Structure formats: C-alpha cells, structure tokens
2 protein chains.
Amino acid sequence: MIAIGEAARLTGLSVETIRYYEREGIVEKAGRTASGRRAYTEREISELRFIKRCRDLGFTIQGACALRELSKAPEQACRDVEDVATRHLDNVRSKIAALQRLEQALAELVQTCTEGTASCPLLTALLNEPIAKEKINDT
Amino acid sequence: MIAIGEAARLTGLSVETIRYYEREGIVEKAGRTASGRRAYTEREISELRFIKRCRDLGFTIQGACALRELSKAPEQACRDVEDVATRHLDNVRSKIAALQRLEQALAELVQTCTEGTASCPLLTALLNEPIAKEKINDT
DNA sequence: CATGCACCCTGTAGTAGCTACAGGTTCAAG
DNA sequence: CTTGAACCTGTAGCTACTACAGGGTGCATG
C-alpha cells in the first residue's frame with residue numbers, strides 16, 4: 001500500500017498538493033484504509049506523475065487534464081496531443097519574446113544609471129516614458 | 001477635476017485596478033467630490049502611471065512601491081534604484097533562461113510527434129520521463 | 001503497556017494581482 | 001423628466017498552491 005507521503009516521494013509533488021488535487025477533483029478521490037488514510041495504487045501514482053510532468057512543462061492544470069483525457073482515448077489521438085503541445089510551445093515562445101523585450105527595456109534603463117547623472121535617470125524614465133506590454137494567456 | 005474613468009484612460013490602468021490599489025493602500029485614498037466620487041490630482045495620476053510602468057516592467061507591486069519610496073528620497077538614491085532594477089533584471093534573465101529550457105524540452109517532445117510512430121511518443125514521454133524544473137521568486 | 005514521534009486526517013485561510021459582478025447612486029444630455 | 005453612462009461599496013472568484021490549527025493513527029522503544 002502506498003501512503004500519501006510515499007506518493008509524494010514517488011511523484012515529486014508535495015503531500016499538500018496531492019491532497020489539493022483530490023479536493024479540487026483534478027484526480028479522483030483516492031481509496032482509504034480502515035483508519036481513513038489515503039492508499040494509492042501504481043496507476044494513481046502514474047497519473048499524479050503525468051500531471052506533475054505536464055506542470056513542469058508549463059502546462060496549466062486544465063492543459064494537463066486535457067492531455068490526460070487524450071491519453072485515455074481509444075486510438076490515442078496523437079494529432080490532438082501534438083496540437084495542444086504545439087500551441088503551448090507557441091505560448092512559451094511568446095512569453096520568452098515578451099520577457100526579452102522587457103529585459104531590453106530594463107537593461108537600457110539600468111544602463112542610463114551607470115552614467116552618473118544628477119537626478120536618477122531611471123526614475124525620470126519611470127515617471128515619463130510609456131512602456132509597451134502585452135498579455136499572454138496560459139495553456 | 002479628474003474622475004476615475006479619466007484617470008484610467010490617462011494611466012492605462014483599469015478603473016477596477018485603480019480602486020483596488022486604493023483599497024489595498026498601495027496608493028493613498030483619493031479625495032472625493034461632494035457626492036462621493038473620486039477626484040484625482042495630476043500628482044496622483046503621475047503616481048499611478050509610475051506604478052503602472054513598474055508593473056509593465058515586471059516589478060511586483062512591492063517592488064514598485066519600493067521604487068516609489070526611493071523616488072521620494074531627498075537625494076534621490078540613484079544607487080539604490082539601480083540595485084533594485086539590476087536585481088530585477090537578473091530575475092528576468094533567469095526566467096528567460098528557465099523558459100528557454102522549457103521551450104527546448106517541449107520542442108523535442110513535439111518533434112518526436114511528427115515522426116508518425118504508433119502510440120503517441122509525447123504521451124509516452126509524459127508517462128515515463130522526469131522533467132527538470134526550478135523556481136524563481138518575483139521582484 | 002506506555003510513551004514518543006512521525007505521519008496522517010479535515011478544514012480553513014492566505015498568497016499576488018487583479019477581474020467581475022450585484023445592487024445601488026449620480027450626472028449630463030436630450 | 002427620462003435615459004444611459006459613469007460612478008459608488010462590497011463581495012466573490014481566478015490560478016495553483018502553501019501553511020497552518022487542531023486533532024487522530026501507527027510503529028518502535030523502554
């Protein structure tokens with residue numbers, strides 16, 4: 001029998017997170033021992049691990065669940081999986097690009113600082129210059 | 001007199017966000033008209049704009065407030081400002097690096113997909129391979 | 001058999017930074 | 001005088017957890 005602490009060790013999730021997944025219905029309620037403790041099967045450990053890996057790849061819980069459902073499909077909808085993953089990859093790339101623009105803007109601002117002018121140029125910029133920004137939805 | 005809707009237009013923040021900043025004490029409570037509507041001064045608009053720009057640069061609210069306090073310092077602590085910004089820049093760079101590792105991992109997985117194997121290789125990988133991940137605190 | 005300690009349980013509140021109402025008042029134009 | 005936009009307060013929801021509080025259980029040691 002696998003207790004929740006062991007499950008945490010096996011999956012890399014925390015005990016609290018596993019309980020949270022159950023509470024939120026992200027995974028099915030685990031079976032209980034006579035005294036009410038959670039008991040996990042190998043299958044359930046695999047599922048938790050699957051979700052953990054999706055999360056580590058930056059998928060949302062929703063995305064992870066979508067992938068899990070696809071993985072259960074009779075003919076394993078590989079094309080659909082690829083679509084989901086590709087869309088997420090695009091998303092990650094957009095985020096990288098956005099952060100790189102940010103990095104550029106910040107680096108320029110910090111640069112002005114090292115030129116030892118009178119009143120802080122970085123602050124002046126923050127008071128006067130608009131900054132481009134965009135929003136990217138998670139997948 | 002500048003009403004909240006106008007303030008929103010002037011700063012790029014939403015009306016709800018401006019009210020939220022007030023509620024949370026992030027900015028001082030704005031003055032009111034006789035009928036209880038918020039009335040903003042140019043100074044307050046500048047402050048909101050300052051915070052908005054910090055946020056757009058990826059600073060946390062806390063970071064934005066710290067910068068605002070520095071901007072009020074008698075001798076404009078430019079060195080301190082630079083420190084804060086530089087630390088944040090490092091942070092942004094760490095995030096970019098983390099996302100790039102993610103991108104790499106995802107791209108490899110998606111790549112395996114386009115090779116038309118039998119049971120979806122991406123799913124297989126999610127079921128079997130551990131994924132490296134790290135955590136970065138915001139600034 | 002008692003004790004102690006690690007582990008487990010449920011339930012609740014907090015995190016960041018908003019967003020989205022509901023249910024009501026006020027202002028300005030026609 | 002009516003209509004519609006804009007405003008008000010207050011509360012709940014979002015993501016994905018984390019962190020308790022206050023208790024119960026299981027096992028090894030003395």
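Everything quoted here is computed from the prediction, not taken from an experiment. Heavy atoms only: backbone and side chains are in, while hydrogens, waters and symmetry mates are out. Proteins come first, then strands; the chains are lettered A, B, ... in the order of their sequence lines, and each starts at number 1.
Within 3.5 Å, a donor on the side chain of B:Glu16 pairs with an acceptor on the base of C:dC21, or the reverse. Interface remark: the B:Arg37 side chain does form a donor-acceptor pair with the D:dA6 base, using a distance-only criterion of under 3.5 Å.
Note on A:Tyr21: only backbone sugar-phosphate atoms sit closer than 4.0 angstrom, heavy atoms only; bases stay farther off. In this structure, B:Arg23 reaches the bases: a heavy-atom distance under 4.0 Å links it to at least one base atom across the strands shown. Within the nucleic acid shown, A:Arg19 comes within 4.0 Å of at least one base atom, counting heavy atoms only.
For A:Ile18 and D:dC17, the CD1 to P distance is 11 Å, given to the nearest whole Å. Distance B:Glu24 CD to D:dT9 C1': 15 Å, rounded to the nearest Å. When the C1' atom of C:dT15 is taken as reference, atom CD1 of B:Ile61 falls 14 Å away, rounded to whole Å. Spacing between atom CD1 of B:Ile26 and atom C1' of C:dT15 amounts to 14 Å, rounded to whole angstrom units. Residue A:Lys135 contributes atom NZ, which lies 10 Å from atom C1' of C:dG17 at whole-angstrom precision. Here D:dC7 presents its P atom at 9 Å from CE of B:Met1, a figure rounded to the nearest Å. To the nearest angstrom, P of C:dC18 lies 15 Å from CZ of B:Phe59. One interatomic measurement links the two molecules: OH of B:Tyr40 to C1' of D:dA6, which rounds to 14 Å at whole-angstrom precision.
Rounding to the nearest 0.5 angstrom, the gap separating the CZ atom in A:Arg9 from the CD1 atom in A:Ile45 is 10.5 Å.
Side-chain proximity of B:Val15 to the nucleotides D:dT9, C:dT19, D:dC7 is greatest for D:dC7. Comparing C:dC9, C:dC18, D:dT18 by their nearest atom to the side chain of A:Arg32 picks out C:dC9. Distances from the side chain of A:Ser35 to the nucleotides C:dC9, C:dT19, D:dG26 place D:dG26 closest. Out of C:dC8, D:dC7, D:dT18, the shortest distance to the side chain of A:Tyr20 is found at D:dT18.
Remark: B:Arg38 is in phosphate contact with D:dC8, judged by side-chain N or O atoms under 4.0 Å from OP1 or OP2. At least one side-chain nitrogen or oxygen of B:Ser14 sits closer than 4.0 Å to the OP1 or OP2 atom of C:dT19.
Of the charged side-chain nitrogens involved, none lies within less than 4.0 Å of a carboxylate oxygen, so that B:Asp90 and B:Lys95 do not count as a salt-bridged pair. For B:Arg19 and B:Glu22, the salt-bridge test fails: no basic side-chain N is under 4.0 Å from an acidic carboxylate O. By the 4.0 Å N-to-carboxylate-O rule, B:Arg79 lies too far from B:Asp83 to be salt-bridged with it. With salt bridges taken as basic N to acidic carboxylate O contacts below 4.0 Å, none links A:Arg101 and B:Asp56.
Both A:Gln62 and B:Lys29 lie near DNA chain D, and the one whose nearest nucleotide falls closer to the 5' end is B:Lys29.
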